[in-house]
Number of protein chains: 2
Amino acid sequence: MPAKSRVSTESTDDYLKAILELSGPDGVRVTSNALAHQLSVRAASVTGMLKKLAALRPPFVKYEKHHGVRLTEAGKYRALEVLRHHRLLERFLHDILDYSWDEVHEEAERLEHYISERLEDRIAAKLGDPETDPHGHPIPEKDGVIAVRDEIALSNCPCGVPAIISSVSDRDSAALRELERLGLVPGTAVIVDPGTRKASVLVRIAGRPQCRLSRVLASDIQVIRQTA
Amino acid sequence: MPAKSRVSTESTDDYLKAILELSGPDGVRVTSNALAHQLSVRAASVTGMLKKLAALRPPFVKYEKHHGVRLTEAGKYRALEVLRHHRLLERFLHDILDYSWDEVHEEAERLEHYISERLEDRIAAKLGDPETDPHGHPIPEKDGVIAVRDEIALSNCPCGVPAIISSVSDRDSAALRELERLGLVPGTAVIVDPGTRKASVLVRIAGRPQCRLSRVLASDIQVIRQTA
DNA sequence: CACGACTTTTAGCTGGCACTAAACCAATCC
DNA sequence: GGATTGGTTTAGTGCCAGCTAAAAGTCGTG
């Protein structure tokens, strides 16, 4: 018998997750270069992997040379499955094992590939089927349905409009610690004040002094406008 | 730069664990064939891996052609580290996530390779630094010390000697379910009764009717004699 | 329309870890 | 002491997924 021929490996899952993230909710085509950048891998390696993913039965992506890829239904389903693992793990590590919200991402990133269906279910049950991870991102349901929300980056939010923080990026631990210190966590009501400049944004949280954020940091924050 | 050249991979860890298990507490030499059998791998593959483990800096095994291997200090330390992961995970899955004792092994077997030091510590803390896994096996300390106990297989236990079940093998789920049904769990006091035959053992638990076990099943049970 | 800039793909390697087939060593049995 | 037997090692393969270097395709702009 030959070696292992699993449909899904750590690598393939990482590619599918990256494609899902880069193609957004509408499933736009994703270029090799963008994937290479996202995955910290050379473009040549991406080409090889995309061929593999497209050659699987059933195929996980629809791939046209020189014109990028798109997830198939099967690929999207698998990507959401992995994303569910990731976000459930983050919530679990945070709520049950006292991880801080800047520590959860790294650990979940590794473990998401190795937990069984059974463990996924037990974790979800233990947590009471949570809707979001500690950064506010929605957790896909078991059937692959994920909530779509009308979010915009805080850095693009117009002055004077009341908004609620819906999620923050989990990529940068240092940024997360800073945001926590400032009270900029999901669920918080904020308003962008005048005095906003090219490089920074002035934000007001009810009952707190104003604070000034760099535009980079503000773009890590997603909000939902309260058009009451 | 070349690909990943981690000191430790899932495979190397599996080999080290297998050598530890087969060489017992005294660190006896282990043959290639025994390892091949234990790991469900061909003997040729074992040879290749042993060379690799012996060539590492520091080496994980002392390997002499045609005469088997033995763990070095570094190898033993790493093996115990993985064993600690495995047994902590088993206890965690059982106590916190409602796994039954016949389900924990398989899940822990995969995850043991992927949890960080941090997660190991958090799990140990959550559980209050447990001494054993759900099957009664001692969990190595963080520094690599593991309790040595004076166990014998129930199948070798002489008649009429009071003994306490210390651990049971976790390899066979069906056997575990059977043992649980019979009340043969770690901590239980038992006595082997006369009426024991070549193929089966007659066991008495205080306050229960006698039960007859196949010798195979009895050899999955380790006991400590109560020489009061 | 053609040239240059950038992106993408091809071709060929590397390392990890399994496999088979065949050669090799060692210990036993006449 | 030589043949048999069985465990062990060598040699050569395959697959995965990364890499570099170089070729080829796409597209904007003069």
Side-chain angles (χ1 to χ4, degrees), chain A residues 1-19 22-23 28-57 59-70 75 78 82 109-110 113-114, chain B residues 1-19 22-23 28-57 59-70 75 78 82 109-110 113-114:
Chain A
M1 257 314 93
K4 61 182 166 189
S5 103
R6 274 183 302 166
V7 256
S8 220
T9 67
E10 176 163 359
S11 276
T12 60
D13 282 349
D14 282 341
Y15 276 85
L16 294 178
K17 242 190 8 166
I19 298 169
L22 294 177
S23 63
V28 152
R29 264 200 283 260
V30 178
T31 67
S32 299
N33 232 18
L35 276 173
H37 202 259
Q38 174 87 3
L39 292 163
S40 299
V41 140
R42 297 297 167 190
S45 309
V46 173
T47 300
M49 182 57 96
L50 294 184
K51 282 189 195 169
K52 189 161 321 180
L53 290 173
L56 285 177
R57 279 183 46 75
F60 278 168
V61 302
K62 183 146 174 282
Y63 166 54
E64 288 166 274
K65 277 185 196 173
H66 296 284
H67 297 289
V69 274
R70 183 182 300 218
R78 178 61 194 160
V82 179
E109 191 69 15
R110 235 174 322 109
H113 305 291
Y114 301 107
Chain B
M1 263 306 98
K4 60 180 169 190
S5 104
R6 276 183 301 164
V7 257
S8 223
T9 68
E10 175 163 358
S11 275
T12 60
D13 283 349
D14 282 339
Y15 276 85
L16 295 178
K17 240 188 11 164
I19 298 169
L22 294 177
S23 63
V28 151
R29 263 200 281 263
V30 177
T31 67
S32 300
N33 233 17
L35 276 173
H37 201 259
Q38 174 86 2
L39 293 163
S40 300
V41 140
R42 298 297 167 191
S45 310
V46 172
T47 299
M49 182 56 95
L50 293 184
K51 281 189 196 168
K52 191 161 319 180
L53 290 173
L56 285 178
R57 279 184 47 75
F60 278 168
V61 301
K62 185 145 172 282
Y63 166 54
E64 288 166 272
K65 279 185 195 171
H66 296 283
H67 298 287
V69 273
R70 185 181 298 216
R78 178 60 196 160
V82 179
E109 192 68 15
R110 232 173 324 108
H113 305 291
Y114 302 107

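Letters A, B, ... mirror the listed sequences (proteins, then strands); counts begin at 1.
Listed here is the closest heavy atom pair of Val30(A) and Ser23(A): CG2-CB, 3.6 Å. Across every non-hydrogen atom of Leu50(A) and Ser32(A), the tightest pair is CD1-OG, 4.1 Å.
Glu64(B) places its CD atom 14 Å from the P atom of dT8(D), with the value rounded to the nearest Å. Going from atom CE of Met49(A) over to atom P of dC19(D) covers 11 Å, rounded to whole Å. Whole-Å rounding puts the Leu35(B) CG to dA18(C) C1' distance at 15 Å. Look at NE2 on His113(A): it is 12 Å from P on dA17(D), rounded to the nearest Å. Atom C1' of nucleotide dA17(D) and atom CD of Glu10(A) are separated by 11 Å, given to the nearest angstrom. When rounded to the nearest whole Å, the span between CG of Leu50(B) and P of dT10(D) equals 11 Å.
OP1 or OP2 of dG16(C) has not a single side-chain nitrogen or oxygen of Tyr15(B) nearer than 4.0 Å. When the side-chain nitrogen and oxygen atoms of Lys65(A) are compared with OP1 and OP2 of dT26(D), none of them lie within a distance under 4.0 Å. Considering only side-chain N and O atoms, Lys52(B) lies nowhere under 4.0 angstrom from the phosphate OP1 or OP2 of dG15(C). For dT10(C), the OP1/OP2 oxygens have a side-chain nitrogen or oxygen of Lys51(A) closer than 4.0 Å. Dashed line: the shortest gap from a side-chain N or O of Tyr63(B) to OP1 or OP2 of dT9(D) is under 4.0 Å.
Here Val41(B) lies in heavy-atom contact (under 4.0 Å) with sugar-phosphate atoms only. Residue contacts shown for Ser11(A) are limited to sugar-phosphate atoms, with no base heavy atom under 4.0 Å away. Contact annotation for Ser32(A): backbone-only contact, meaning every heavy-atom pair under 4.0 Å involves sugar-phosphate atoms and none involves a base. At the heavy-atom level, Ser45(A) lies under 4.0 Å from base atoms of the strands shown.
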Can Asp14(A) and Val82(A) be said to form a side-chain contact (heavy atoms from CB on, under 4.5 Å), step by step?
CA-CA 9 Å; Asp14(A) 282 341; Val82(A) 179; 5.9 Å; no
Set out, in order, the CA-CA distance, both residues' side-chain angles and the distance that settles side-chain contact (heavy atoms from CB on, under 4.5 Å) for Glu109(B) and Lys17(B), then state yes or no.
CA-CA 11 Å; Glu109(B) 192 68 15; Lys17(B) 240 188 11 164; 3.0 Å; yes
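In the set dT20(D), dT26(D), dT10(C), the nucleotide with an atom closest to the side chain of Arg42(A) is dT20(D). Distance from the side chain of Ala44(B) is smallest for dA21(C) among the nucleotides dA21(C), dT10(C), dC17(C). For Thr9(B), the listed nucleotide lying nearest its side chain is dG16(C); candidates were dG16(C), dT10(D), dG18(D). The side chain of Thr12(B) lies closest to dC17(C), out of dT26(D), dC17(C), dT8(D). Checking dT8(C), dC27(D), dT9(D) against the side-chain heavy atoms of Ala43(B) singles out dT9(D) as nearest. Among the nucleotides dT26(D), dT8(D), dA17(D), the one closest to the side chain of Asn33(B) is dT8(D).
For the pair His67(B) and His66(A), both in contact range of DNA chain D, the more 5′-proximal nearest nucleotide belongs to His67(B).
Between the Thr12(B) side chain and the Ser8(B) main chain, no donor and acceptor come within less than 3.5 Å of each other.
Counting only heavy atoms from C-beta outward, the side chains of Leu53(A) and Tyr63(A) never approach each other to under 4.5 Å.
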